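This one's a predicted model, so the numbers in the text were calculated from it and none came from an experiment.
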Amino acid sequence: TNLLGGGSAIVNVILGGASVLEVRSQSDNEVVVVAGSQFGRRRRAAVDVVLVSNTGAQVVLSGGFSYLDLGRIDSVIPADGIEGTLVTILGSRLLGGGTEITSGSMAGTALKAVLSSNDTAVVVIAGASGATVAGDVILTANTGAFITKTSGFTYQAAGNVTSVTPSFGQLNTAVTVAGTR
């Protein structure tokens with residue numbers, strides 16, 4: 001309690017010497033923030049959490065937060081496809097300290113579904129792009145942490161079936177499906 005330090009608002013939150021990116025909500029009992037950059041800081045080392053009130057008062061918890069090593073996407077299999085393509089994303093620390101991937105996008109298009117996720121593999125279904133486009137793969141964990149692979153996926157033009165020959169048959173009938181991409 002008294003996280004506002006006798007004031008009416010938090011004006012800054014500092015994690016290990018760096019201001020947070022955003023203060024999402026605040027009260028005397030709870031402050032929710034988005035962690036800032038860990039660049040130049042020792043990873044996995046516990047750092048101080050400093051809440052700065054509009055009165056100038058500071059509420060400090062020594063060693064209250066630890067920056068984790070950044071996650072990394074190593075491969076996207078397949079690296080191209082269309083809506084409905086089953087895609088496996090492999091890497092390390094993919095959950096960004098969370099317990100699951102809750103959303104993401106490929107080449108600017110929201111994923112249709114996240115089928116499974118752990119720290120080394122995420123299986124997703126590509127969403128509806130409607131365009132042939134290449135772009136980043138972004139995975140967002142339930143903590144809000146996200147991991148990006150630049151230029152990781154390309155949406156291709158959807159195929160088009162133009163004919164099926166013969167158009168009828170029975171068991172063991174050889175059927176030819178023709179079309180365009």
Side-chain angles (χ1 to χ4, degrees), residues 1-77 79 86-127 134-153:
T1 61
N2 202 19
L3 293 179
L4 298 179
S8 60
I10 295 293
V11 295
N12 195 11
V13 177
I14 302 165
L15 298 176
S19 292
V20 298
L21 296 176
E22 175 187 359
V23 177
R24 289 198 171 160
S25 65
Q26 56 184 289
S27 72
D28 241 357
N29 299 314
E30 180 179 81
V31 178
V32 178
V33 302
V34 176
S37 173
Q38 65 188 31
F39 183 73
R41 287 169 189 63
R42 255 180 54 225
R43 294 184 178 127
R44 295 203 181 263
V47 298
D48 294 346
V49 177
V50 181
L51 305 176
V52 182
S53 172
N54 61 337
T55 63
Q58 295 185 0
V59 177
V60 179
L61 176 61
S62 296
F65 183 80
S66 294
Y67 281 104
L68 299 175
D69 291 334
L70 295 175
R72 184 181 73 241
I73 296 173
D74 294 324
S75 60
V76 179
I77 305 165
L86 186 69
V87 179
T88 300
I89 301 164
L90 301 173
S92 56
R93 298 172 302 283
L94 297 176
L95 299 180
T99 57
E100 66 180 338
I101 297 298
T102 56
S103 65
S105 64
M106 296 189 305
T109 299
L111 299 173
K112 186 172 189 175
V114 177
L115 300 180
S116 65
S117 61
N118 63 48
D119 254 349
T120 59
V122 177
V123 178
V124 302
I125 298 176
D136 300 345
V137 173
I138 302 171
L139 299 175
T140 304
N142 59 332
T143 60
F146 63 91
I147 298 170
T148 303
K149 180 165 184 70
T150 304
S151 300
F153 190 81

Donor-acceptor pair between Ser8 and Asn54 side chains, under 3.5 angstrom: yes
Residues Val87, Phe153; criterion side-chain contact (heavy atoms from CB on, under 4.5 Å); working and verdict: CA-CA 10 Å; Val87 179; Phe153 190 81; 3.9 Å; yes
CG-CD distance between Asn12 and Gln58, expressed to the nearest 0.5 angstrom: 9.0 Å
Any Val33 side-chain heavy atom under 4.5 Å of Val23 side chain: yes
Distance, nearest 0.5 Å, that separates CD1 of Ile89 from CG of Leu94: 8.0 Å
Where Ser53 and Gly7 come nearest, the two heavy atoms and their spacing: OG-CA, 3.4 Å
Heavy-atom side-chain contact between Val20 and Ile14 under 4.5 Å: no
Heavy-atom check, side chain of Leu61 versus side chain of Asp48, under 4.5 Å: no
Side-chain heavy atoms of Leu4 within contact of Gln26, under 4.5 Å: yes
Steps toward side-chain contact (heavy atoms from CB on, under 4.5 Å) verdict (Val31, Val13): CA-CA 9 Å; Val31 178; Val13 177; 4.3 Å; yes
Donor-acceptor contact below 3.5 Å, side chain Arg72 vs main chain Ser92: no
Trace of the side-chain contact (heavy atoms from CB on, under 4.5 Å) decision for Val114 with Val123: CA-CA 6 Å; Val114 177; Val123 178; over 6 Å; no
Val47 versus Leu15, closest heavy-atom pair with distance: CG2-C, 4.0 Å
Evaluation steps, side-chain contact (heavy atoms from CB on, under 4.5 Å), between Val137 and Thr148: CA-CA 6 Å; Val137 173; Thr148 303; over 6 Å; no
Pair Ser27-Asn29, side-chain donor/acceptor within less than 3.5 Å: no
Test item: Leu95 and Arg93 side chains (from C-beta on) under 4.5 Å apart, heavy atoms: no
Leu51 CG to Ile10 CD1 distance, which is reported to the nearest 0.5 Å: 4.5 Å
Any side-chain heavy-atom pair of Asp136 and Lys149 under 4.5 Å: no
Could you pull out all donor-acceptor pairs under 3.5 Å where a side-chain atom in residues 99-108 meets a protein atom, sequence neighbours excluded?
from	atom 1	to	atom 2	distance (Å)
Thr99	OG1	Asn142	ND2	2.7
Thr102	OG1	Thr140	O	3.4

Expected output: side-chain Asn118 to main-chain Val122 donor-acceptor under 3.5 Å: no
Heavy-atom closest contact (Gly5 atom, Ala57 atom, distance): O-CB, 3.4 Å
The single option from Ile138, Val124, Ile125 passing side-chain contact (heavy atoms from CB on, under 4.5 Å) against Leu111: Val124
